[in-house]
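Heads up: the structure comes next, in structure tokens.
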Amino acid sequence: MRAKQDIELLQEAVKAFEAETNLTIDIVGEGFFDNHREIDGMIELPYQAGRLGVEVKNWAQHANIGAIANQIKAMPVEGMLVADYINPAMAERLRKLGIHFLDTVGNAYINKPPLYIWVINKKPNQAHKQLKEGGNRAFDATGLKVVFGVLCNPGLVAAPYRKIAEQTDVALGTVGWVVNGLKEAGYLLDRGKKKDRRLTERQKLLERWVEAYPEKLQPKLKLGEFVADNPHWWEAVDTEKYDAFWGGEIAAAKYTGYLKPKMATVYLPEARRGQFLADARLRKAPDHVGAGNRVKVYGTFWRPDRVNANREIKDTKAIEKYLTGVAPPILVYADLIATGDGRNREAARMIHERYIAEHLRED
DNA sequence: TGTGTTCTAGATGTGCTAAG
DNA sequence: CTTAGCACATCTAGAACACA
């Protein structure tokens, strides 16, 4: 699995090197053990310069150079670093440390007589960014806003980019990225020559969104954690007054009547935060401790007015059964799944069955 | 004119390094 | 060991551009 990625990265780096230098490197081994140490690969240099063991590092910029150096020095054979991208500063340091390297955009340092290679300052380009694993903008923070919008209202994908941008509150430029990302990942089809975009694999797309949301988007929305004086504080709060929405367990309770909420989640426009916290008598939660009466507060990221009722975009299946002052079912579903709690999971299942499944059915 | 695509500047985020 | 500032990379909004 991981080995496969490593090999691909190595192949890509070799290709970049060959394109850059017109020299040839052969990959003579991939992912094996030598003296109980794993080696990601082995390459054969041109001009009988010999062989080098390969240590593959994805995301090298965020790794510790010293640690990498040690790892490579400790290899049972003379080794080199193969990375996605080596920036000029790192390149210089690696050269000083005497560590050979290759990256996937053509930078290289190899000092193994008779061979001497020193290529730096090659920049990763758009194509590379797009190629890179995880480079699917549909599942980045802003992409997730768009995907959420189209999940709530599948007909929206067929609308002009400008409309989609406006509805989901992102820039025009990002819509293209997301649409292409969805296409690439197989969630969006262009039928016919006329623009007629449709979502497919909607259930899978939902799952993908649910998985990515707490990772990429939710952290950016987080306004803080707070505590209330008593566990029933929320029953007296009218979220609508603040243009706010219950999420998580409280929302689940309202949708299903099944849960007794413990942890509260609320989505609140940032501008109303102070007012809400004051009125509800919430105070900042101490860093750790105390599961009781806690409230997670997030900013809103969707356009309730649009998601909720936009009949000008024809979609027969836009979700009808919204409760006011409560986050859309899909978001609540994601909140619940993210907790990993058994009862929450069950509530999530109920919400899915009642509010989401039919809505995502394809015809 | 309406639509999609590409480019760029600025904002944001992150690890690194130097200073305390 | 912790912190602050720095350098670099990434991300995104919005505009310019291109196309039909």
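By convention in this document, chain letters (A, B, ...) are assigned in the order of the sequence lines, proteins followed by strands, and residues within each chain are numbered from 1.
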Mind calculating the distance between [atom1] ([X]) and [atom2] ([N]) to the nearest angstrom?
X: A:Asn107; N: C:dC8; atom1: CG; atom2: C1'; result: 15 Å
X: A:Lys163; N: B:dG2; atom1: NZ; atom2: C1'; result: 14 Å
X: A:Lys216; N: C:dC11; atom1: NZ; atom2: C1'; result: 11 Å
X: A:Lys222; N: B:dT12; atom1: NZ; atom2: P; result: 20 Å
X: A:Leu217; N: C:dC11; atom1: CG; atom2: C1'; result: 14 Å
X: A:Asn136; N: C:dT12; atom1: CG; atom2: C1'; result: 16 Å
X: A:Asp103; N: C:dA9; atom1: CG; atom2: C1'; result: 14 Å
X: A:Glu166; N: C:dT12; atom1: CD; atom2: P; result: 20 Å

By ring pair (Phe, Tyr, Trp, His ring centres under 6.0 Å), A:Tyr267 pairs with (sequence neighbours left out) A:Tyr298, A:Trp302
Protein and nucleotides 13-20 of chain C: nitrogen or oxygen contacts under 3.5 angstrom:
residue	atom	partner	partner atom	Å
C:dA13	OP2	A:Ala171	N	3.0

Describe the nucleic acid contact of A:Ala165 in one word from base, sugar-phosphate, nothing, applying a heavy-atom distance below 4.0 Å. nothing
Tell me which pairs pass salt bridge (charged side-chain N to carboxylate O under 4.0 Å, His left out) where either residue lies in residues 342-353 of chain A, with sequence neighbours left out. A:Glu346-A:Arg349, A:Arg349-A:Glu353
Taking only Lys NZ, Arg NE, NH1 and NH2, and the carboxylate oxygens of Asp or Glu, determine whether A:Arg283 and A:Asp229 approach each other closer than 4.0 Å. yes
Is atom NZ of A:Lys204 surrounded by more than 12 heavy atoms (other residues, nucleotides or ligands) closer than 6.0 Å? no
Take A:Phe148 and A:Phe301 through the test ring pair (Phe, Tyr, Trp, His ring centres under 6.0 Å) and record every step on the way to the result. CA-CA 10 Å; A:Phe148 180 74; A:Phe301 64 92; 5.1 Å; yes
Out of the candidates A:Lys183, A:Arg198, A:Arg197, only one should pair with A:Asp190 under the side-chain hydrogen bond (donor to acceptor under 3.5 Å, both in side chains) rule; please name it. A:Lys183
